[in-house]
Each structure stands twice: as C-alpha cells, then as structure tokens.
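My questions all concern the structure below.
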There are 2 protein chains.
Amino acid sequence: MKLAPSRKNASVVPGDPSVPVPDGRSSRWTEHRTERRRELIKTARRAIDALGPGASMEDIAATADTSKSVYYRYFGDKTGLQRAVAEVVLGQMQQKVLDAAKAASGPREGFHSMVLAYLQMAQTSPNVYAFVTRVGIAESSASDDGAHDTLAHFLAAVTAMISRPVRAFLLSPERSAGPDDAAPEYWPTAAIGMVRSAGEQWLATPPGPGRPTEEQLARQITGWLFDGIGPGEPPALPSTTRRQEKDMP
Amino acid sequence: MKLAPSRKNASVVPGDPSVPVPDGRSSRWTEHRTERRRELIKTARRAIDALGPGASMEDIAATADTSKSVYYRYFGDKTGLQRAVAEVVLGQMQQKVLDAAKAASGPREGFHSMVLAYLQMAQTSPNVYAFVTRVGIAESSASDDGAHDTLAHFLAAVTAMISRPVRAFLLSPERSAGPDDAAPEYWPTAAIGMVRSAGEQWLATPPGPGRPTEEQLARQITGWLFDGIGPGEPPALPSTTRRQEKDMP
DNA sequence: ATACCTATCGTAGCTGATACGCTAGGTATC
DNA sequence: GATACCTAGCGTATCAGCTACGATAGGTAT
C-alpha cells in the first residue's frame with residue numbers, strides 16, 4: 001500500500017497552502033516555540049548579566065542548560081539574539097517611559113522621564129546594557145564598508161522611539177524663532193549620544209560620594225539638552241532670557 | 001609621547017640605568033626605533049584607510065611590506081596599535097584645533113572649531129576614524145568586568161583635551177548663576193557623545209542634497225550644546241499632550 | 001493498531017581569525 | 001672579528017561563530 005510517490009508531503013501542496021489543513025504536527029510546536037523563545041531570551045539575559053557582555057554563545061547556552069545549536073536555531077546568529085534581547089529590554093523601558101510620560105507636564109518632563117528610564121535600565125543590568133548597545137557583533141570583522149552600517153540596533157530603536165515626538169516638538173510653532181534647525185534630523189541621534197556617553201561614564205563611576213543619583217543626572221542632562229550651557233551668549237542676547245527654572249525642588 | 005619598551009625584551013638596561021655611559025649601540029637604535037615606529041603607524045593608517053576598520057594585523061603588516069611580528073613588537077597588541085594611531089590622529093586634530101582656537105572670539109567659537117575639526121577628521125578617513133573610535137578590540141572577548149573599562153582611548157583623549165577649558169568655562173563667574181552643575185564633570189563626555197553620534201549619522205548619510213556641510217553641522221551642534229533646543233520653555237505647554245504612542249514589537 | 005512523517009534536541013566537528021612564541025639570519029657599532 | 005640589536009617567517013594555541021548529522025518524542029494516515 002504505498003501511496004502515490006509524487007505527493008510527498010504537504011509543504012508544497014498544490015491546491016491551497018493557506019488555511020484548511022492545520023497539521024497537528026506543526027501546530028503543536030508553535031506554542032512551544034514562543035514559550036521556549038521567551039525562556040531562551042530570559043536565560044540569555046541572566047547569563048549576560050552574570051558573565052558579562054562578551055559572553056559567548058556557548059556560555060549563554062550552557063547557562064540555559066542547553067546547547068548552542070538551540071540558540072542558533074531560534075535566533076539565526078548572534079546578532080539575532082542581540083536584537084531579540086534588545087527588543088525585550090526596549091519594551092520594558094518603553095513601558096516605563098510611557099507610564100511616566102502620561103504624568104509629564106511638558107516635553108521637558110517627558111524627556112526627563114525618558115532619560116531617567118534609560119539610566120535606570122542601564123543601571124539595573126550594566127552587562128545586558130553593554131551587550132545590547134554593542135555595534136555589530138558579527139559585522140565588525142567582515143564589513144569593510146567603512147562607516148558602521150547603522151547604529152547598534154538598540155540605539156537605533158531608541159532613536160526611532162523618540163524621533164517622532166522630538167520632531168513634533170522641534171517643529172512646533174513657538175519654537176521656530178531660533179535660527180537653528182539647519183539639521184534637525186540629527187538631533188535625536190545626537191541627544192541619545194549625549195545620554196549614552198554621560199550614562200556610561202556614570203556607570204563607570206564607582207558609587208562613591210561624588211556620584212550623582214539617577215534623578216540628578218537625568219535632570220542635568222535634560223537641562224543640557226534643553227537649555228545648553230551657554231548663558232545668554234553675550235553679543236546678541238541681552239539679559240532678558242536668563243534661565244528659567246531656578247528653583248525646582 | 002614615550003616609546004615604551006615592548007614588553008619582555010632587553011630594552012631595560014641590564015646594569016644601571018643612570019650611569020653616564022651612552023652605549024652607541026643602544027642609542028643608535030633609538031632613533032631608528034622612533035622613525036620606524038612612525039613609519040609603521042603611517043602605513044597602518046593607510047592600510048586601515050584602504051581595507052576598512054576591521055583590517056587584520058596581517059593585512060596591515062602586508063601593506064607595510066613586513067610581517068605581523070614587527071607590529072606586535074612595536075605595539076604590544078592590537079589595542080596598542082589602536083592607541084598609537086589614535087595618538088597621531090588626535091595630535092593632528094589638536095593642532096588644527098589649537099590653531100583655530102587662537103582666532104576664536106569666545107568659548108562658543110572655540111568649541112565650534114573643535115567640532116569642526118572633529119568632523120573634518122572623521123570625514124577625511126572614515127575607516128581610520130572607525131578604527132580609532134572602536135572600543136576594546138582585544139578586550140571585548142576577554143573582559144567580563146561588565147562596563148567598559150573606559151571609553152575608547154581616542155574618545156577618552158579627546159575628552160581630556162577639552163575637559164580643562166570646559167571646566168574653566170563652566171566655573172567662570174558669569175556662568176555660576178544657574179542651579180546647574182549638579183554633575184559638571186560629565187559634560188565633556190556628554191558633549192563628545194553628542195558630537196560623535198551626530199557625526200557618525202552624518203557620515204552614514206549619503207552625500208546627497210539633504211546632507212549639511214561640515215560647517216553647518218558643526219554650527220548646529222554647537223548651538224545645541226550652548227543654547228539647547230528649549231527656548232524659554234513656558235511652564236504650561238499644551239501642544240504635547242499625547243505624543244509617542246508607539247507600536248510595541 | 002501500525003508504519004510513516006514532522007520538528008526538535010544535542011553532540012561533535014569545521015572555519016576562520018587572533019595573539020604570540022620561537023628560531024634563523026642579517027647588519028651596524030665597538 | 002665579536003656583539004648587541006633587529007628582522008623575517010613559520011608554527012601553534014585558543015577561541016568565537018557557525019553547521020551537519022544522528023537520535024528521540026510526538027502527531028497522522030491507512
């Protein structure tokens with residue numbers, strides 16, 4: 001009773017490849033896959049947190065009590081794992097930012113909450129932060145194109161996250177007075193670069209007395225971004241616009 | 001610049017380092033060493049410029065018509081070469097900055113010239129820039145300390161370069177009115193991070209119509225750093241009630 | 001109920017790059 | 001001529017990233 005040899009299996013089904021044949025042998029694994037994927041990401045995060053951002057795939061897999069091939073099957077390559085972890089971390093950070101942004105009174109407060117969320121995230125797991133923000137893990141040796149293809153995936157995602165509100169703010173009517181905006185599309189990246197650099201120096205600072213709190217640093221960075229450090233710029237600006245929030249508890 | 005003796009060789013004098021017997025056989029080589037070292041750095045720079053920031057030591061040595069071991073002797077490891085190249089690049093940039101700073105009218109113009117020099121340097125050789133800016137080439141896999149030990153060497157040097165004038169400016173009498181300065185020691189790093197991020201996005205932008213010139217971008221960044229983007233910041237800003245609802249992946 | 005198929009798992013091995021030691025041989029000074 | 005110094009090339013150790021193959025447990029069709 002051999003069945004027809006031409007009709008091998010349902011993968012290249014001639015009639016309808018879409019719905020009406022829910023093969024249990026495949027569908028059985030979908031739930032398992034998503035669950036396992038989540039678990040793998042979670043374990044990878046723990047492993048990186050414990051082993052450092054340079055943890056190898058083997059180390060990560062060993063921490064998960066499995067082997068490298070599982071990770072490679074689920075994430076393709078190491079950059080895929082990086083991206084997956086970054087997605088989760090970004091989602092949590094985004095959640096925090098959204099919650100805080102609801103209570104924000106203005107763009108300044110909104111941005112302050114973002115910076116704060118960023119710093120808190122980095123502080124919570126510096127190793128995971130370093131892993132996620134790393135530029136091309138696999139591309140570093142193979143690419144000879146010159147400039148980095150883009151920023152790291154996580155930073156690119158953060159940039160995309162803040163780009164829209166920033167753009168809206170930069171183009172708001174009351175803000176068009178200045179002669180700025182020669183290149184406003186660079187501001188989100190620039191701002192994140194500032195946050196990142198300050199945050200990483202802050203992370204590297206031992207938690208001694210001189211180290212500011214997350215709140216203080218976030219407030220400071222927000223001030224730099226919104227007010228700058230130049231006090232009035234003597235030639236063109238009289239003394240009208242001194243800086244505002246002198247006393248802000 | 002001190003030329004460090006490589007690491008294990010007989011560069012340390014055997015008997016007494018202070019005895020006034022200048023052995024000609026030793027002193028003759030010092031000049032040769034410095035000259036050769038300079039040549040090796042120069043050739044490495046050309047090789048990286050041609051091959052990309054991920055060029056291997058063998059590629060670099062082949063471009064210099066020599067072998068890897070020469071580079072390893074002179075620079076210890078790849079990070080040492082990175083540091084040496086960074087030193088030269090930084091020196092040239094510093095020269096340019098100093099020349100420009102002499103003609104600067106104030107801190108703003110001085111900083112503008114610095115940013116401009118940075119951008120021009122990066123633009124001149126994007127590959128060398130990427131090589132020099134890269135964080136730990138050898139530490140990435142061996143170190144599990146967590147945070148990067150410091151910033152990249154080049155960026156740390158640039159930070160050190162601008163830290164002193166910045167500190168002097170931040171503590172200048174007319175600027176001490178604001179309640180800022182909760183963490184002024186983070187500003188140089190933060191500012192360089194902004195310059196770096198904006199510059200790298202700028203480098204990655206194809207030189208089409210929308211791309212600003214170095215001058216424009218430098219002017220823009222200087223404006224962001226000195227004036228910020230929030231002009232006045234009226235306490236109640238109604239136009240940003242609900243922005244940033246984002247799609248979560 | 002039996003033979004077949006699907007998707008996963010994990011062991012083991014491959015590829016390529018990097019760091020670096022070792023030895024032979026050349027060259028200029030004393 | 002003797003000696004200190006350098007160079008060159010080969011070879012090795014290691015390790016990250018990645019892949020191929022056999023084995024197994026669970027669904028499916030006859």
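The sequence lines fix the lettering, A, B, ..., with proteins before strands; numbering per chain opens at 1.
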How long is the line joining CG of A/Asp77 and P of C/dT15, in whole Å?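 These atoms are roughly 20 Å apart.
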Under 4.0 Å between a side-chain N or O of A/Tyr74 and OP1 or OP2 of C/dC9?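 Yes, such a contact exists.
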May I ask you to establish whether A/Arg33 and A/Tyr74 are in a cation-pi arrangement, using a distance under 6.0 Å from NZ or CZ to the six-membered ring centre and at most 45° from the ring axis? yes
Hey, does A/Ser56 reach any base, or is it just sugar-phosphate, or nothing, if we go heavy atoms under 4.0 Å? sugar-phosphate
Nearest listed nucleotide, side chain of A/Arg28, among C/dT8, D/dG27, D/dT19: D/dG27
Reading DNA chain D from 5' onward, which residue's closest nucleotide shows up sooner: B/Lys68 or B/Asp65?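 Closer to the 5' end of DNA chain D: B/Asp65.
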Hey, is the side chain of B/Arg73 poking within less than 4.0 Å of OP1 or OP2 on D/dC6, counting only N and O atoms?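 Answer is no, no contact under 4.0 Å.
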Spacing between A/Arg33 atom CZ and C/dA7 atom P, to the nearest angstrom: 10 Å
Over how many whole Å does the gap from B/Phe75 atom CZ to C/dT18 atom C1' extend? 17 Å
Looking only at D/dA16, C/dA19, D/dA8, the nucleotide nearest the B/Lys78 side chain is C/dA19
Using a cut-off of strictly less than 4.0 Å, decide whether B/Arg36 has a side-chain nitrogen or oxygen near OP1 or OP2 of D/dC6.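 Checking D/dC6 against B/Arg36, no side-chain N or O comes under 4.0 Å of OP1 or OP2.
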Base, sugar-phosphate alone, or nothing: which one does A/Thr66 contact when heavy atoms must sit under 4.0 Å apart? sugar-phosphate
Find the partner of D/dT30: check Watson-Crick (N1-N3 plus N6-O4 or O6-N4) and G-U wobble (N1-O2, O6-N3) distances, both under 3.5 Å, and reply none if neither fits. C/dA1
Would you say A/His32 reaches C/dC9's phosphate, i.e. side-chain N/O to OP1/OP2 under 4.0 Å?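 So the side-chain polar atoms of A/His32 do come within 4.0 Å of the phosphate oxygens OP1 or OP2 of C/dC9, strictly under.
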Rounded to whole Å, please give me the gap between CD in B/Glu58 and P in D/dG11. 13 Å
Against the side chain of A/Ser67, the closest entry in C/dG10, D/dA8, C/dT8 is C/dG10
Examine the side chains of A/Tyr71 and A/Thr66 and answer whether a donor and an acceptor come within less than 3.5 Å of each other.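 Side-chain D/A pair, A/Tyr71 to A/Thr66: absent.
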Rounded interatomic separation in angstrom, taking CG from B/Leu40 and P from D/dC6: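 It is 13 Å, rounded to the nearest whole Å.
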Measure from CG on B/Leu81 to P on C/dC20 and round the result to the nearest Å. 13 Å
Of the nucleotides C/dT18, D/dG17, D/dT7, which one has an atom closest to the side chain of B/Tyr72? C/dT18
Picking from A/Arg36, A/Lys42, A/Arg37, what satisfies side-chain contact (heavy atoms from CB on, under 4.5 Å) with A/Leu40? A/Arg36
Starting at atom OH of B/Tyr71, determine the distance to atom P of D/dG9, rounded to an integer number of angstrom.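 Taking OH of B/Tyr71 and P of D/dG9, I get 14 Å after rounding.
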Please check this pair: side chain of B/Arg211 against backbone of B/Trp202, looking for a donor-acceptor N/O pair closer than 3.5 Å. yes
What is the distance from CD of A/Gln82 to P of D/dA16, rounded to the nearest Å?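 So the CD-P distance, A/Gln82 to D/dA16, works out to 17 Å.
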Tell me which one of A/Tyr118, A/Trp187, A/Trp224 satisfies ring-ring contact (aromatic ring centres under 6.0 Å, His included) with A/Phe111. A/Trp187
